[in-house]
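Notes follow the structure.
Here is the naming used below: chain letters follow the sequence lines, and residue numbers restart at 1 for every chain.
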Amino acid sequence: MTVAQLAEQFNLKLLAGEQGTNCEFTGCYVGDLLSWVMGRAKSGDIWLTVMGNINAIAVASLADIACIVLTENAALDDDAKAKADTLGIPIYITEESSFHTAMKIGQLL
Amino acid sequence: MNAIHLFYEVSGDDFARAGEASGDVKQKLKSLGYDKTAIRNAAIAMYEGEINMVIHAGGGVIDVDIYPEKIEIKMEDKGPGIPDLDMAMQEGFSTAPPQIHDLGFGAGMGLPNIKKYTDKMHIDTELGVGTTVYMTVNANK
Ligand SMILES: Nc1ncnc2c1ncn2[C@@H]1O[C@H](COP(=O)(O)OP(=O)(O)OP(=O)(O)O)[C@@H](O)[C@H]1O
Ligand SMILES: [Mg+2]
């Protein structure tokens with residue numbers, strides 16, 4: 001299933017990185033500490049976080065994350081948005097919690 | 001085949017630009033046709049080193065040598081040095097100040113991640129002089 005299909009099904013709002021939305025995802029990781037994510041997330045994971053800064057975009061790109069979902073309406077910084085657009089890392093936002101979003105993604109995997 | 005040599009300078013206070021060097025290496029390795037896992041491992045390990053240079057050492061310089069069978073990365077700074085290397089290598093050990101935590105760093109996972117994602121890692125450090133981190137990632141082309 002592609003990131004774009006997931007977003008449509010769950011009503012996630014796209015904030016940046018549209019060029020990357022056709023990529024397939026294979027798993028999910030939840031966390032806000034960046035080195036923890038780099039150590040534990042797998043390539044192809046959807047990453048649920050409240051960390052919307054430019055470093056999060058760099059991490060997502062280097063770790064081959066499929067997309068970032070900012071949960072509980074966490075903010076995306078302007079420079080982070082610009083970098084996500086440049087790198088083609090899809091960033092979505094939802095008002096739901098990481099827990100609820102992860103549960104729903106889990107049912108698809 | 002001769003090695004491809006790359007050189008980067010990392011500035012000491014610029015979190016926004018940290019990751020440009022590792023991102024560039026990732027692009028180059030991709031276009032050279034290295035395997036995905038090796039590229040990811042090298043990119044993450046190098047980024048952890050870049051961030052450590054910015055947070056803990058006021059910046060530094062990076063030399064990357066790309067061989068057909070391995071990627072060698074040398075990251076050198078003139079920061080404060082690491083007093084207790086064994087402790088610094090432990091998961092969860094961090095001296096990062098609170099404002100660094102707000103950015104998502106300071107979990108004490110960077111050096112352990114470098115170890116995890118590299119095939120060889122070595123640190124030379126001297127208090128008041130600086131730190132050099134050497135890493136090798138084996139690769140297939
Ligand atoms: N280049 C360096 N110069 C001086 N001290 C360093 C350097 N790199 C690491 N350290 C010391 O080693 C500790 C552990 O580093 P490590 O990268 O594992 O964690 P961190 O940078 O504190 O947090 P994280 O990497 O999870 O964001 C640091 O908190 C710091 O005290
Ligand atoms: Mg670190």
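A 6.0 Å sphere centred on CE of A/M103 holds more than 12 heavy atoms belonging to other residues, nucleotides or ligands.
Note: the hydrophobic cluster containing A/V37 does not contain A/I46 (ILVMFWY, side chain heavy atoms under 4.5 Å, direct or indirect links). Cluster annotation: A/I91 and A/L48 are assigned to distinct hydrophobic clusters (Ile/Leu/Val/Met/Phe/Trp/Tyr, side-chain heavy-atom contacts under 4.5 Å, transitive). In the hydrophobic clustering of this structure, B/I39 groups with B/I62; members are Ile, Leu, Val, Met, Phe, Trp, Tyr whose side-chain heavy atoms approach within less than 4.5 Å, directly or through other members. Placement of A/I89 and A/V69 in two distinct hydrophobic clusters is found when ILVMFWY residues are connected by side-chain heavy-atom separations under 4.5 Å, directly or transitively. A chain of hydrophobic side-chain contacts below 4.5 Å, direct or via other Ile, Leu, Val, Met, Phe, Trp or Tyr residues, connects B/M53 to B/L103.
Contacts of A/L62 with chain B are made by both backbone and side-chain atoms, with heavy-atom separations under 4.5 Å. Looking at A/M38, both its backbone and its side chain come within 4.5 Å of chain B, counting heavy atoms on both sides.
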Heavy-atom donor-acceptor pairs under 3.5 Å, chain B with chain A:
from   : atom 1 : to    : atom 2 : distance (Å)
B/F15  : O      : A/N55 : ND2    : 3.0
B/K26  : NZ     : A/S61 : O      : 2.7
B/K26  : NZ     : A/L62 : O      : 3.2
B/K26  : NZ     : A/D64 : OD1    : 2.5
B/R40  : NE     : A/A63 : O      : 2.8
B/R40  : NH2    : A/A41 : O      : 2.9
B/R40  : NH2    : A/A63 : O      : 3.1
B/E48  : OE1    : A/S35 : OG     : 3.0
B/E48  : OE2    : A/S35 : OG     : 3.0
B/L103 : O      : A/N53 : ND2    : 3.0
B/G104 : O      : A/L34 : N      : 2.8
B/N113 : ND2    : A/S35 : O      : 2.7
B/K116 : NZ     : A/G39 : O      : 2.3
B/Y117 : OH     : A/M38 : O      : 2.6
B/Y117 : OH     : A/G39 : O      : 3.3

